[in-house]
There are 4 protein chains.
Amino acid sequence: MLLDIDLQSETPIYTQLVNGIIEGIARGQLLPGEALPSVRSLAADLGINLHTVNKAYHLLKQDGYVQINRKQGVVIEPDAFPPADAAFKERLAKQLRPLLAEAICRGMSKEELDAVCSAVYEDMRSNELGGG
Amino acid sequence: MLLDIDLQSETPIYTQLVNGIIEGIARGQLLPGEALPSVRSLAADLGINLHTVNKAYHLLKQDGYVQINRKQGVVIEPDAFPPADAAFKERLAKQLRPLLAEAICRGMSKEELDAVCSAVYEDMRSNELGGG
Amino acid sequence: MLLDIDLQSETPIYTQLVNGIIEGIARGQLLPGEALPSVRSLAADLGINLHTVNKAYHLLKQDGYVQINRKQGVVIEPDAFPPADAAFKERLAKQLRPLLAEAICRGMSKEELDAVCSAVYEDMRSNELGGG
Amino acid sequence: MLLDIDLQSETPIYTQLVNGIIEGIARGQLLPGEALPSVRSLAADLGINLHTVNKAYHLLKQDGYVQINRKQGVVIEPDAFPPADAAFKERLAKQLRPLLAEAICRGMSKEELDAVCSAVYEDMRSNELGGG
DNA sequence: GTGGTCTAGACCACT
DNA sequence: GTGGTCTAGACCACA
């Protein structure tokens, strides 16, 4: 799994981990039921503390992206991910607003915006088709 | 200006201020050259600390959205906002990525995603036409 | 015997086993003197570790719910279960307290609480009449 | 606030804290909007680590019993506690089952059980009326 | 001064 | 060997 963590970033490490793993799922590089590295091994691999990894795993569990088993460790949620219900779309819109507002201020057209959005989207989906 | 600050939010208050003002500009409710409330009065209005407002104003100045003059106080940048250059688009894409990844995991189609994106965009632009 | 083990649960598997067997006794599905499956077969049936079943059986023995004989294996205590003495009632009250506290916080009335309590109680007793 | 923590108990300290605070709310000793001690001061008072208190506070936040503010610290949820909906009642019943099963095995009648239940309930409610 | 984050290291429960 | 819990101590962001 390719997780590049920026220790200097102002984004907390555990947030980078959460985002990276969710992106891995979106890209199809992490499949439902697949096991994630143990807290200790991932922490060692990334050169960070095991508590930081632990916090990330627990946030993912809380959001329904992984299951934490007694012995087996952490696995990608095998059944169904949480749905894109109204609450999620509202949250998404709320997070989108400041990004789009800034883009509008800087004079980006709707087309330019869609282009950026689509580029990001396709980048993740294309990897899914060819990934493995 | 309608700035609703959520003291319970995890988002720092100064960030909420920055976002709110940028959104005000995007909506056309704040026009280039227009004066913003003084640090003191805005802090009093919102019931928050002077330093918090100050920090927000200075971040906006740093990003090229306002000018801070000793006499006139803080005014919306009258000339030109920073451009939507490659660096900005890259930053935008980077911020978009975790949002879209989560949407993909939850099974949102590109069309649903575009719908949410467009709704947010149009909401801000429509207000601009009728605003002032 | 119907023992459904949830490997994802936070409750240790051996605890689930202990609870399940005690509930089986309460329901009258397991009768005094009746033999329980051997450690080996139950572990195989449930797909869990021998040690886990062993631990559960020994806890049940310790609490006076089963007897462990070398020849007959594990049998439900044929004579008398431990009494509901003051010590037990105190322990019961102690375990009940956080549950009721939460129910009170959420605004449940004494009647609603009794209803839930009775429903659980009757569910177990009704099965006893028809079970065996 | 009266929080007696048993460091020897097999119940995790943070769980004891969570239970104790919820019980404090149920008893009316902790009122909505009231501030809880800071993470550091409570940890110092109880002679435990601040991370342990922190974990308890965050669990309470997650369950909707407290709010965590930037500067003000932690306060009891001022508006409404989570409702006693079907999901909660189901969880309650699930937690009640092993307790009642054991009581049945030990020969407690429904009346004895109700007596214990009511005693716990009234103990908490009576304190609320006369508390302060 | 408040909580947020991270580190380092330890012991324990579970399987 | 896995995660769960707890400790001790540090630095930072926020207000």
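Residue numbering restarts at 1 for every chain, and letters A, B, ... go by the order of the sequence lines. The structure presented is a predicted model; accordingly, all values stated were derived computationally and were not measured.
- In this structure, CD1 of B/Ile13 is placed 17 Å from P of E/dT2, rounded to the nearest angstrom.
- With rounding to whole Å, A/Leu46 atom CG is found 15 Å from E/dT7 atom C1'.
- Atom-to-atom, CD of B/Gln8 to C1' of E/dG3 comes out at 14 Å; the value is rounded to the nearest Å.
- In this structure, the CG atom of B/Leu50 is 18 Å from the P atom of F/dC14, given to the nearest Å.
- Among the nucleotides F/dG3, F/dA15, F/dT5, the one closest to the side chain of D/Tyr14 is F/dT5.
- Taking the side chain of B/Lys55 as heavy atoms from C-beta on, and the options F/dC14, E/dC14, F/dG3, the nearest nucleotide is F/dC14.
- Listed nucleotides: E/dG3, F/dT5, F/dG3. Nearest to the side chain of D/Pro12: F/dT5.
- Taking every side-chain heavy atom of D/Asn54 into account, E/dT5 is the closest of E/dC14, E/dT5, F/dG3.
- For D/His51, whose side chain is taken as the heavy atoms from C-beta onward, the closest listed nucleotide among E/dC6, F/dG4, E/dG4 is E/dC6.
- The backbone N or O of B/Ser9 sits less than 3.5 Å from a side-chain atom of D/Arg70, completing a donor-acceptor pair.
- Rounding to the nearest 0.5 angstrom, the gap separating the CG atom in C/Leu99 from the NZ atom in D/Lys94 is 12.5 Å.
- At a threshold of 4.5 Å between non-hydrogen side-chain atoms, the residues D/Asn69 and B/Leu7 do not count as touching.
- The side chain of D/Thr52 approaches F/dC6 more closely than any other nucleotide in the set E/dG3, F/dG3, F/dC6.
- Residues C/Thr15 and D/Ser41 both approach DNA chain E. Their nearest nucleotides, taken by heavy-atom distance, put D/Ser41 toward the 5′ side.
- With rounding to whole Å, B/Leu7 atom CG is found 18 Å from E/dT2 atom P.
- Using the Watson-Crick or G-U wobble rule with both distances under 3.5 Å, E/dG9 pairs with F/dC6.
- Proximity note for D/His58 (side chain, C-beta onward) versus F/dC6, F/dG4, E/dG4: the nearest is E/dG4.
- Smallest separation of non-hydrogen atoms from C/Asp4 and C/Gln16: O-OE1, 4.3 Å.
- In this structure, the CG atom of A/Asn49 is 5 Å from the P atom of E/dT7, given to the nearest Å.
- No engagement by C/Ile48 is indicated, since no non-hydrogen atom pair under 4.0 Å with the nucleic acid exists.
- With hydrogens and angles left out, the side chain of D/Arg40 and the base of E/dG3 share a donor-acceptor pair within 3.5 Å.
- Taking side-chain N and O atoms only, D/Arg70 has a distance below 4.0 Å to OP1 or OP2 of F/dA15.
- Distance A/Ile68 CD1 to E/dA13 C1': 16 Å, rounded to the nearest Å.
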